[in-house]
Protein chains: 2
Amino acid sequence: MLELAILGFLYDTPLHGYELRKRISALTGHVKPVAESTLYPAIKRLEKADLLARATEPGAVAAPRHVLTLTEAGRRELRHRLAEPDPRDISDENRWFTVLAFLRHLDDAAAQSAVLRRRLAFLEEPASFFYDGDRPLRAEELDDPFRRGILTIARATSRAELTWLRETIASLGG
Amino acid sequence: MLELAILGFLYDTPLHGYELRKRISALTGHVKPVAESTLYPAIKRLEKADLLARATEPGAVAAPRHVLTLTEAGRRELRHRLAEPDPRDISDENRWFTVLAFLRHLDDAAAQSAVLRRRLAFLEEPASFFYDGDRPLRAEELDDPFRRGILTIARATSRAELTWLRETIASLGG
DNA sequence: ACGATATACCTCGCAACCGATGTATCAATA
DNA sequence: TATTGATACATCGGTTGCGAGGTATATCGT
């Protein structure tokens, strides 16, 4: 998820690590804070895999900057990760939002639509958080008000997202 | 999050690892699958910390089972983790849902309410995923349809949850 | 008789994540 | 003048997570 965000932001324009950190924090930081000690090793991993290159520049304000630029392989890698997301990128909302945040980088509307349809298929599966045997329970069947809350909230999200997905898929396919 | 789920399920009744795995999979598995190679080491960690004890029983169907029971320290630990959740348990929906799933185990309505109010405070902060400088952007201000989707969906979730939180806090407060 | 499926547990090695801590420079504020 | 805060990068050790693989037993369908 972090690597996807790094690739995604650098796809637009080269950035140094500190600026990258601020952008990632703005995108997902209020939900999942990004530690510097996670970001810098991730950058190194991507550099080692030749997905990005770094160039040292004198710091504009303070210490020298390492400006990060995606390589051609890095650009391919982002498109690949967007076009064929890991199942977790589809099911986990945090990861899914990161995919969505950069999905415009897929040039092909059909490819974008295919990704949205994967999420649609996931949301259309009858799934709950609580079961009676195999049967998914509805909010009304639960005594526990907190568990009822989970279902109420999840249902609201799901409805909103289904509506948006169907509209957006239609507008892409049009 | 995994440890919280283990403690939460065992708070009700002793279970063996395999059954625990099925319950955790039902609860969060459709979003975040639980690997056995994550669960068993987690059980060991909790055992080592004296939060749970294991007793070997002949297997009802196949191999022998290790029935896991929370110790008194384990029960205290669950209540503590519920009463004073990590900030990430509040901000990250996956973790938050796990807290909610077991929040009934806090005996005190005031303590439950305090936890809900922490989530309420988090949701009431003006946060977005996209900014113009410091100003959070609204869905209508974005060109990118996918990023607009993120805000649309997040807004719908947030509204539903705020409503539910306020209602539930009111009903707890008497 | 054989293979698939379910039950039931476990280890290994690698990857990822994070808190604590360290190193510098520069600007603003007290 | 001192200290805080922002910029800018990095390492270390510990913890968590996961895929791949392993070991058994019992059941059910073919």
Side-chain angles (χ1 to χ4, degrees), chain A residues 1-7 14-26 28-29 31-49 51-52 54-68 81 86-89 91-92 94-95 98 133-134, chain B residues 1-7 14-26 28-29 31-49 51-52 54-68 81 86-89 91-92 94-95 98 133-134:
Chain A
M1 210 191 85
L2 178 58
E3 293 186 2
L4 187 63
I6 295 172
L7 295 173
L15 295 169
H16 56 276
Y18 196 79
E19 175 62 26
L20 197 48
R21 180 173 193 251
K22 284 197 290 184
R23 301 216 182 176
I24 295 174
S25 287
T28 56
V31 170
K32 254 177 150 35
V34 196
E36 288 196 353
S37 52
T38 306
L39 177 63
Y40 287 112
I43 289 171
K44 283 207 164 173
R45 282 200 301 277
L46 296 176
E47 192 190 8
K48 202 177 162 193
L51 302 180
L52 59 81
R54 85 171 67 192
T56 304
E57 271 187 13
V61 183
R65 296 165 163 182
H66 293 179
V67 176
L68 310 169
R81 291 195 194 199
D86 184 286
R88 269 189 197 69
D89 292 332
S91 68
D92 184 336
N94 292 156
R95 284 159 159 264
T98 307
D134 275 345
Chain B
M1 210 191 86
L2 178 58
E3 292 186 1
L4 187 63
I6 295 171
L7 296 172
L15 294 170
H16 56 276
Y18 196 79
E19 175 62 25
L20 197 48
R21 180 171 193 251
K22 284 198 292 184
R23 302 216 181 176
I24 295 174
S25 287
T28 56
V31 170
K32 254 178 150 35
V34 195
E36 288 196 353
S37 51
T38 306
L39 177 62
Y40 286 111
I43 290 172
K44 284 208 163 173
R45 283 201 300 277
L46 297 176
E47 193 191 6
K48 203 175 159 195
L51 302 180
L52 59 82
R54 93 173 59 195
T56 304
E57 270 186 16
V61 183
R65 295 165 163 181
H66 292 179
V67 176
L68 311 168
R81 291 195 195 199
D86 184 285
R88 270 188 196 69
D89 291 333
S91 67
D92 183 339
N94 294 156
R95 284 159 159 264
T98 307
D134 275 345

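Letters go in sequence order (proteins before strands), and every chain restarts at 1.
- At least one side-chain nitrogen or oxygen of B:R54 sits closer than 4.0 Å to the OP1 or OP2 atom of C:dC10.
- Here the straight-line distance linking atom CG of B:L2 with atom CG of B:L7 works out to 9.5 Å at 0.5 Å rounding.
- Among A:L20, A:L15, A:L51, the one residue that satisfies the side-chain contact (heavy atoms from CB on, under 4.5 Å) test with A:L68 is A:L20.
- Residue A:Y40 contributes atom OH, which lies 17 Å from atom C1' of D:dC12 at whole-angstrom precision.
- Distance from the side chain of B:Y18 is smallest for C:dT7 among the nucleotides C:dT7, C:dT11, D:dG17.
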Checking A:R54 against A:I43 for the side-chain contact (heavy atoms from CB on, under 4.5 Å) test, could you report, in this order, the C-alpha distance in whole Å, the side-chain angles of both residues, the deciding distance, and whether it holds? CA-CA 10 Å; A:R54 85 171 67 192; A:I43 289 171; 3.9 Å; yes
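- A donor-acceptor distance shorter than 3.5 angstrom exists from the side chain of B:R21 to the backbone of B:V34, with no hydrogens or angles considered.
- As rounded to whole Å, 18 Å separates atom P of D:dT7 from atom NE2 of A:H66.
- In this structure, A:R45 reaches the sugar-phosphate backbone alone: every heavy-atom distance under 4.0 Å involves primed, P, OP1 or OP2 atoms, never a base.
- Atom C1' of nucleotide D:dA8 and atom CG of A:L39 are separated by 12 Å, given to the nearest angstrom.
- Residue pairs meeting the salt bridge (Lys or Arg N to Asp or Glu O under 4.0 Å) criterion with at least one member in residues 55-64 of chain B, sequence neighbours excluded, do not occur.
- As a whole-Å value, the separation of A:I43 CD1 from D:dA8 P is 13 Å.
- In this structure, the CZ atom of A:R65 is 17 Å from the P atom of D:dA6, given to the nearest Å.
- Counting non-hydrogen atoms under 4.0 angstrom, B:E19 reaches nothing in the nucleic acid.
- Rounded to whole Å, atom P of C:dA16 lies 19 Å from atom CE of B:M1.
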A correct 5'-to-3' footprint of nucleotides 18-24 of chain D, with B, S and - meaning base, sugar-phosphate only and no protein heavy atom under 4.0 Å, is BBB----
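- The interatomic distance linking B:R95 (CZ) with D:dG17 (P) rounds to 8 Å, in whole Å.
- A salt bridge does not link A:E19 to A:R65: none of the charged side-chain nitrogens sits closer than 4.0 Å to a carboxylate oxygen.
- Taking atom CG of A:L4 as the reference point, atom P of C:dA15 lies 19 Å away to the nearest angstrom.
- Under 4.0 angstrom from either OP1 or OP2 of C:dT7 there lies at least one side-chain N or O belonging to B:K22.
- One distance of note links CD of B:E3 with CG of B:L39; it measures 11.0 Å at 0.5 Å rounding.
- Out of D:dA10, D:dT7, C:dC17, the shortest distance to the side chain of A:L2 is found at C:dC17.
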